[in-house]
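As structure tokens, the structure follows; a few thoughts come after it.
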Amino acid sequence: MQLLIALVTGLVFGLGLIVSGMTDPSKVIGFLDVTGKWDPSLAFVMGGAILVGLIAFRFAATRKQAILGGPIRLTTTRHIDRRLVLGALAFGAGWGLAGYCPGPALASLATGGSKPLIFTIAMLAGTAIFEIQDRFCSRPIKKAG
Amino acid sequence: MMIDFELFTPWSSLAGGLLIGLATAVLLLFNGRIAGISGIVGGLLRPTAGDIGWRVAFVAGLVGAPLVYELASGLPSVRVDADTVTLIVAGLLVGVGTRYGSGCTSGHGVCGLSQLAPRSMAATALFMLAGFVTVFFARHLIV
């Protein structure tokens, strides 16, 4: 059952990305181009998602466990450190360069030809570089998303 | 600042956002999991027993989404201006950055902001700022 929920939520998440315009890199870059002709549409994506999210996370906080059992795993990390700052800046730069963030890249793989594929392979390589580096550097980190 | 009303799509973007929020809510309440894409994918490269299946299923749904969308109607047209080298550099930055920063647009931008977490507010502000600055340089200074 948990697998089915994961499959369906992945699917709905992907459909949401396509409907919203997030899978069109030129639209993403139009959103990030605040000094040019700005297309604010994608602020509505975040707004819509957060509107539902606010209710869901508030409700989750009142529950001891998930509906299908097991804990509700929320991030416990609180501090804002150098890793967070540099990581977010690097991510934003990459996002602005190509117009892809992780979700839309994956939701473009099946139909988008070679460009999202090249981006995704490089993204996975970047993730692997982090994993290798992180294992040699023993500081524990919490994964959030 | 000039708003480009020809490209402005508030309703479809809001509808897509609500779908993303719905998926996030169901995964959270039923499975107790955060729908942060970079975290879900990152966990696949750091496998622990019993923690693989749901990640694979979620990614399969995400990758299959355009195929399902196509069954109902034609996919919206997209345009990728980046060349191969730019795609590789951008992919590496996104891969490394989202893991060091513990999240991307979904993990910090949606899930973190929905919890009003200061850490995610900081991350979201920083990656948006870096995106604005990068596009400013790429589109208005270099080209």
Side-chain angles (χ1 to χ4, degrees), chain A residues 2-3 5-7 9-16 19-20 24-26 32-33 35 37 39 41 44-45 48-49 52-54 56-57 66-68 72 80 83 87-98 101-103 106-107 110-111 115 118-119 122-123 126-127 130-131 143-145, chain B residues 2 4 7 9-10 13-14 16-21 23 25-27 30-32 34 36-39 45 54 57-58 61-62 65-66 69 78-80 82 87-88 90-105 107 110 114-115 122-123 126-127 130-132 134-136:
Chain A
Q2 290 210 350
L3 290 182
I5 294 282
L7 180 71
T9 51
L11 180 66
V12 173
F13 198 104
L15 293 175
V19 171
S20 68
D24 180 1
S26 70
L32 293 174
D33 190 12
T35 58
K37 274 189 100 184
D39 174 5
S41 308
F44 288 73
V45 186
V52 183
L54 276 171
F57 279 94
I67 292 170
L68 297 178
I72 294 178
I80 297 165
R83 285 173 81 112
L89 289 174
F91 162 48
W95 191 35
L97 276 178
C101 54
L106 292 172
T111 53
K115 288 193 168 184
I118 293 167
F119 177 88
M123 179 177 85
T127 308
F130 164 82
E131 286 298 330
K143 54 180 181 243
Chain B
M2 272 187 330
D4 191 339
L7 299 176
T9 55
S13 289
L14 182 66
L18 292 172
L19 282 175
I20 293 167
V26 172
L27 190 70
F30 281 77
N31 286 14
I34 299 284
I37 309 303
S38 59
L45 296 181
W54 77 274
F58 186 92
L62 192 54
Y69 190 101
V78 300
R79 202 181 78 234
V80 191
L87 286 167
I88 292 171
L92 286 170
L93 282 169
V94 170
V96 172
T98 52
R99 297 307 288 142
Y100 275 101
S102 308
C104 58
T105 359
V110 176
S114 292
Q115 296 170 78
L126 287 167
F127 69 63
F132 293 152
T134 303
V135 171
F136 174 71

| query | Does any N or O in the side chain of D24(A) come within less than 3.5 Å of the main-chain N or O of R79(B), such that one atom is a donor and the other an acceptor? | reply | yes
| message | Within the 4.5 Å heavy-atom criterion, are W95(A) and T105(B) side-chain neighbours or not? | response | yes
| query | Is it true that a side-chain atom of S13(B) and a backbone atom of S20(A) form a donor plus acceptor pair closer than 3.5 Å? | reply | yes
| query | Can you find a pair of side-chain heavy atoms, one from F13(A) and one from F58(B), that are under 4.5 Å apart? | reply | yes
| field | Over all atoms of both residues, closest heavy-atom pair of I118(A) and L87(B) | value | CG2-CB, 4.0 Å
| said: Do V19(A) and Y69(B) make a side-chain contact, defined as non-hydrogen atoms from C-beta onward lying under 4.5 Å apart? | reply: yes
| said: When you measure from the side chain of K115(A) to the backbone of A82(B), do you find a donor-acceptor pair of N or O atoms at a distance under 3.5 Å? | reply: yes
| task | Mind checking the OG-CE spacing from S38(B) to M123(A)? Nearest 0.5 Å is all I need. | result | 8.5 Å
| Student check: side-chain heavy atoms of W54(B) and L7(A) closer than 4.5 Å | no
| message | Any heavy-atom pair between the side chains of V45(A) and I20(B) that's under 4.5 Å? | response | yes
| query | Are the side chains of L97(A) and L93(B) in touch, meaning some heavy atoms are under 4.5 Å apart? | reply | yes
| What option among A98(A), G96(A), G103(A), G16(A) has the most heavy-atom pairs under 4.5 Å with chain B? | G16(A)
| message | Looking at N31(B) and Q2(A), would you say the former's side chain and the latter's main chain have a donor-acceptor pair under 3.5 Å? | response | yes
| said: Is T134(B) in contact with chain A via its backbone, its side chain, both, or neither, using a 4.5 Å heavy-atom distance? | reply: side chain
| task | State, to 0.1 Å, how close A57(B) and L3(A) come at their nearest heavy-atom pair, and which atoms those are. | result | CB-O, 3.5 Å
| field | Flag side-chain contact, heavy atom, 4.5 Å: F130(A) against L45(B) | value | no
| field | Greatest number of heavy atom pairs closer than 4.5 Å to chain B - which of A107(A), A56(A), G14(A) | value | A107(A)
| query | Side chains of V80(B) and S26(A): closer than 4.5 Å at any heavy-atom pair? | reply | no
